[in-house]
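Read the structure below first, then the notes.
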4 protein chains.
Amino acid sequence: MNPKIRVILKAAAKVMAQKGFEKATMDEIAKISKVAKGTLYYYFKSKEELFLKLTLSILEELEERTKKVLELKVSAVEKLRALIKVQVEFFLEFHEEVVLILGDFFGSTLPRESFRVKINDYYRLLNQLIEEGIKANEFRKVNLEIFVPAFFGMTSFATIRGILREKGFLKDQLIENLTEIILNGLKK
Amino acid sequence: MNPKIRVILKAAAKVMAQKGFEKATMDEIAKISKVAKGTLYYYFKSKEELFLKLTLSILEELEERTKKVLELKVSAVEKLRALIKVQVEFFLEFHEEVVLILGDFFGSTLPRESFRVKINDYYRLLNQLIEEGIKANEFRKVNLEIFVPAFFGMTSFATIRGILREKGFLKDQLIENLTEIILNGLKK
Amino acid sequence: MNPKIRVILKAAAKVMAQKGFEKATMDEIAKISKVAKGTLYYYFKSKEELFLKLTLSILEELEERTKKVLELKVSAVEKLRALIKVQVEFFLEFHEEVVLILGDFFGSTLPRESFRVKINDYYRLLNQLIEEGIKANEFRKVNLEIFVPAFFGMTSFATIRGILREKGFLKDQLIENLTEIILNGLKK
Amino acid sequence: MNPKIRVILKAAAKVMAQKGFEKATMDEIAKISKVAKGTLYYYFKSKEELFLKLTLSILEELEERTKKVLELKVSAVEKLRALIKVQVEFFLEFHEEVVLILGDFFGSTLPRESFRVKINDYYRLLNQLIEEGIKANEFRKVNLEIFVPAFFGMTSFATIRGILREKGFLKDQLIENLTEIILNGLKK
DNA sequence: TATGAATGAGGTTTCATTCAT
DNA sequence: TATGAATGAAACCTCATTCAT
């Protein structure tokens, strides 16, 4: 990727993550990128597109990490545990960007098509993992259309909540608890 | 509540839910409310405050319904099932408003204090229900700080995802599946 | 004067002196007066008129004090000294109001007729005093059209400057110096 | 100075001098400048700053002219006479701007720091001239803290009064009379 | 006589986008 | 390829004034 583009995306991530899409200004992004404002428009045709590209680049990172989990040679249960770890760590690492993306995901009603596609790609990966476990007789047969988003919402909310509360955030404990809940449920 | 305030809040809900907080304009809210723009500022000192009051009024509605569930004279498992039903139905009914609120919750980094307080109030109610079940020996001992937001994220994501996909959304099936997952987990 | 009017004028003086005519709001004046906003319009037909009445009431106070000086049975030089004293003390006492009036006097190009009339009345009093001194052969024959505003500008600027600099403002010294300058001039 | 900035300042001077700071609108300034409203904000971050810059540019002009007087190789008395001439002429030439600035000086209670500094700079110049005359034994020893603002107030009020009355304003006579008064005082 | 809810014109400011260089 | 001066639409908000009660 053109290094100037990379610089711009990084600056955009910083500003938008901090202030949200609407409140972030092209002026500030230009300033942090150390390029002229016009340059932004040379590489991205609008603020919207800049945001989209940024979003995609982050989701791709998540996808990549997730794919690695799927390739592991372990049981489905172990993969699930690994996946939860990946997700929690990803949320921690890209906390602000993730919050930005989720915010936009909810906030905007205009369908940002390519973003939806990307998110669906990701859901498909999760789907795959669960199906694998079902086939291997490790998991019960659940409705994937329901389970997958539930799973995603669960991990993201719990992690973000943890971050927001700040006090003594214990990553390992979070991963362990989430895995336990998702595998064994609440009932005694 | 002053009926004019009610009218304005309703209009604000409509416009903001459709377009998001930033894109919603006071002009349009005024127009839909059939009051002059100045009137909005007579009752709310800023767009921000209007949004906040709207948010609170919606959360209060959810709280109220939740409280009714807590007062039922049934087992904790049954209460949980009822609660999931309440939540799913609430998300369906106030789908746009909920999406708006969640979007803001994620999107804004500025802490909107009174909102945080309200959400904490709600989490406390959930807490209460789960603790009850643990005491009654119906539920396993889970870390509530983790479980409660996980639970909320799960139901909200799954429901919203269901709505977004639109095709043949089956409410009862969703409730049933979510309850099943949350109670029994994924493991066979 | 109707006591309610007096209360309103007092409040207006306070607010306008603090914030200037434009930035003072009828809302705040009403609040401080402890009357409803509509009441202001019951007694004054506009903000402009309220300001005018206020202005006049202050100028009348100055006029009254000045007239007393003119009636003293002393030499013109002594009267001048007394007048300077009156003016300095008046500026000190009604500092904010005077600044407000002067600001408006300069700031507005729209002639506020009745205000101009009042200021002219005051200039006429000064005129009278100087003429008296000239007749009594105490003062040199100066061009009154020039001397009178010069005199007024001199005392007001020097006093306000003194107030603004704040540090150890010595009233008696100011009066003495001004009298000296005006009587004997700068030349050795 | 950037020529566009010059054009804007000129337009602002015109509009604000005519209507006062508050009543002047950015719309009108833009229109007269023949630039878009946004351009005003490209060069000045607010209406307030525009006003401030305008004020400073005018005071600088006065300062410059005054400095030239101080450099003359003549007696202090002659310098004073020259200074009065400069001031009267300046007030005549920039009559509207001066009225605007004085109006703001009185009207606004918020300290506009950089303006205060500028005015102090100017007072210092006057100080210098008077001290020179005292040293040269031409002037009596007066309290400069009092004399300088008094002097300024005198000339400005008398000149502005002259302009406001309009009828047959005689510049030379004004200068002569003021000089006479300031040098010799009122006493016979 | 007194109120205060309601108004709407009009003001300042922001900012994504364009375009000549 | 890169710039940054310039734009103008559109947003939020203020507040003097009105009027039904």
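Labels below follow one simple rule: chain letters A, B, ... track the order of the sequence lines, proteins then strands, and each chain is numbered from 1. Heavy atoms only: backbone and side chains are in, while hydrogens, waters and symmetry mates are out.
Atom pair E49(C):CD and dT17(F):C1' shows a separation of 14 Å (rounding to whole Å applied). E28(A) has its CD atom 14 Å from the P atom of dT14(E), to the nearest Å. Rounded to an integer number of Å, the gap from L40(B) CG to dT7(E) C1' is 11 Å. Whole-Å rounding puts the K31(D) NZ to dG8(F) C1' distance at 15 Å. In this entry the distance linking CE of M16(C) with C1' of dC15(F) reads 13 Å, nearest Å. One atom, NZ of K45(D), and another, C1' of dC15(E), lie 17 Å apart when rounded to the nearest Å. For the pair E48(C) CD and dT17(F) C1', the computed distance is 14 Å after rounding to whole Å. To the nearest angstrom, C1' of dT14(F) lies 13 Å from NZ of K23(C).
Here the side chain of M26(A) is nearest to one of dT17(E), dA11(F), dT1(E), namely dT17(E). In this structure, the nucleotide among dA16(F), dT17(E), dC13(F) sitting nearest to the side chain of K47(A) is dT17(E). The Y42(A) side chain lies nearest to dT1(F) when the options are dT1(F), dT13(E), dT12(E). Comparing dT3(F), dG8(F), dG4(E) by their closest approach to the side chain of A36(D) singles out dG8(F).
Residue-to-nucleotide proximity on DNA chain E shows that, of D27(D) and N2(C), the 5′-proximal contact is made by N2(C). Of the two residues contacting DNA chain F, namely E22(C) and T39(D), the nearest-nucleotide position lying further toward the 5' end is that of T39(D). Across the interface with DNA chain E, nearest-nucleotide mapping of A24(D) and K34(B) shows K34(B) to be the residue nearer the 5′ end.
Taking a pair to require two hydrogen-bonding distances under 3.5 Å in either a Watson-Crick or a G-U wobble arrangement, dT17(F) pairs with dA6(E).
With rounding to the nearest 0.5 Å, the separation of NZ in K45(C) from NZ in K53(C) is 8.0 Å. Note that CD of E60(B) is 8.0 Å distant from CD of E64(B), once rounded to the nearest 0.5 Å. Distance check, rounded to the nearest 0.5 Å: OH of Y122(A) to CG of L62(A) gives 4.0 Å.
Among the atoms of the strands shown, none is found under 4.0 Å from any heavy atom of A30(D). Base contact: K37(B) has a heavy atom under 4.0 Å from a base atom.
The heavy-atom pair separating K47(D) from F21(D) by the smallest distance is NZ-O, 2.9 Å.
Within the structure, a side-chain polar atom (N or O) of Y41(B) is placed less than 4.0 Å from OP1 or OP2 of dC13(F). Taking only side-chain nitrogens and oxygens, K4(C) comes nearer than 4.0 Å to OP1 or OP2 of dA2(E).
One finds no salt bridge joining E96(B) and K14(B) here, because no Lys/Arg side-chain nitrogen approaches an Asp/Glu carboxylate oxygen to under 4.0 Å.
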